[in-house]
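One structure below.
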Amino acid sequence: MLMKQSPLSENISYNTSQTQLEEAAAIIKLDPAAFELLRHPLRELHITIAVKMDNGSTKIFQGFRVQHNDARGPNKGGIRFHPDETIDTIRALASWMTWKTAVMDLPLGGGKGGIICNPKAMSTGELERLSRAYIRQLGSFLGPEKDIPAPDVYTTPQIMGWIADEYSIMQGKNSFGVITGKPLALGGSAGRGDATARGGIYCVRDAAETLGLNPAGERAAIQGYGNAGSFAHKLALELLGMKVIAVSDSKGCIYNPDGFLYDALMEHKKTTGSVSGFPESAAISDKELLELDVTVLFPAALDSVITETNAPDIRAKIIAELANGPTTPEADSILYNKGVYIIPDLLCNAGGVTVSYFEMVQNSYGYFWEEEQVQQRLEKKMKTAFMEVQQTSQTYKVHNRLAAYIVAVKRVAEAMKLRGWY
Ligand code: GLU
C-alpha cells in the first residue's frame, strides 16, 4: 500500500503533479521503488547566463533544464521564457511531458526547460543572445538522442532556429534535430504551428460525440490567445463550426455573444499587441470568462487557473485543456462530480509534442511529409489515445485525468521494469 506523501513544495503545480501521480500509483498498486523513481526528476541542471544588453550593460539570468524520465526514449519538452518561472514549476511540467508522451505512446521521455526573464521587455537581439547562451550552457546535456527541446510559453519558431544554429556550430555540423518547432526552412515540420490546437479540437469533437452533442453553433471561450489559443479559435470555427464568444490574453478579456471572426481578431492582436479593445466587444474579467455559460472552455494560458475557488461556478460542459496543468486536483473532483467532461492536458494538448515527434522522424531521415499527411497521422494518434483514456476511465471508474495517468504510468513503469531499473 502506498502512503500519502506530504507535499514537497509550496508550488501549486508541483503539488498538483505529485498528488496526481500518487492517486494513479495507488489505483494500479505501483511498486514503491517505481513510485519513488517517478516522483523525482532523474536529472536537472541549473544554469546562470550572462547576456550583453542593448544599452551596454550585462544582465544575469537563471535558467533550468529538468529531465524527468527517459525510460521510454529521449527526454522531450519545451522551453519557457517567463518572469515567474520557478524550478518547481519546471519539475511539474517535465513530469507532465513524461506522462504526455506515454499517453500518446511516443518513444520519448519527458523534460522541460525555462529561463526567468520577461521576453516582452527584451529586444530581438537580446532574445537571440539569451537563447544562444542557453544552449551553449546546456549543449552537452541535450541532443537528438538525449533531450530535444521545443517551443512553450513565450518561445517561438525563431528562437528554435537560433538554438538549432548555435547547437550546430557547437557540433561542427548541421544538427537541427536537437530541437523541434523550428521554422520550415530549417527542418521544421509542416503542420507543427497549429498542431497543439488541432489535437485539442479533434479531442473536443470526440468528447462531443461521447456526450451526444453537436458542436456546430455551440459557444466556446478561450483563456489565452497565444499559439494554442489563437489556433483553437481558428479551428473551432473551421472544423467544428463553433462560435467563440470570449477570448483573453495577458492584457485583457473580451466578450461578444455573437462570436468573434478569427482573421479580424488576429489582425487586431498583431497591430495592437492584445485582443483587448477589439471593436464591438465588451471588456470582461478573467473570472467572468472562465465562468461563462459555454459548451467548451479552453484554458490555453498558464497553470492552476481552475481551482476549488472557481470550480463550483464553472458552467462549461467540456473543458479542453490546451494549457499545461490548468486544473488543480481539488477542482478536478468538484468538476467530475458536477458532470463536467474534462479533456486532460496530457491528452488535449498532446498534438504539439506528437507533431514534434513527427518532426524528429523527418529530420532523422531527411525526408519531409506534406501537411495533409502530418494532419492525418496526428488525427489517428489523437483518436487512439482518446479511446484508450476513455476506455481506462470506464474500466477503473475514474475521471479522464486519472485515466490518462493510469495509461501513462503503466507504460513508463513497464519500460523501467524491462530496463531493470526496479
Ligand atoms: N511545449 C509543448 C508541450 O508542453 C510541446 C513540447 C514538444 O513539442 O516537445 O507539450
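Counting starts at 1 for both ligands and their atoms, in listed order.
The minimum heavy-atom distance between Ile27 and Tyr396, with the atom names listed, is CG2-CD2, 3.5 Å.
Taking the six-membered ring where tryptophan is involved, the planes of Tyr154 and His82 are essentially parallel, since the angle between them stays under 30° and well short of 60°. In this pair, Phe358 and Trp369 present their aromatic rings tilted. The plane angle is within the 30 to 60° band.
Salt-bridge formation is detected for the pair Lys234/Glu238: a Lys NZ or Arg NE/NH1/NH2 atom is positioned less than 4.0 Å from an Asp or Glu carboxylate oxygen.
Listed by chain and number, Lys76, Gly77, Gly78, Met97, Lys100, Lys112, Ala150, Pro151, Asp152, Arg192, Asn324, Gly352, Val353, Ser356 each place a non-hydrogen atom less than 4.0 angstrom from ligand 1.
Between Val353 and Met97, the closest side-chain pair of non-hydrogen atoms falls below 4.5 Å.
Side-chain N/O atoms of Asn11 and Thr86 include a donor and acceptor closer than 3.5 Å.
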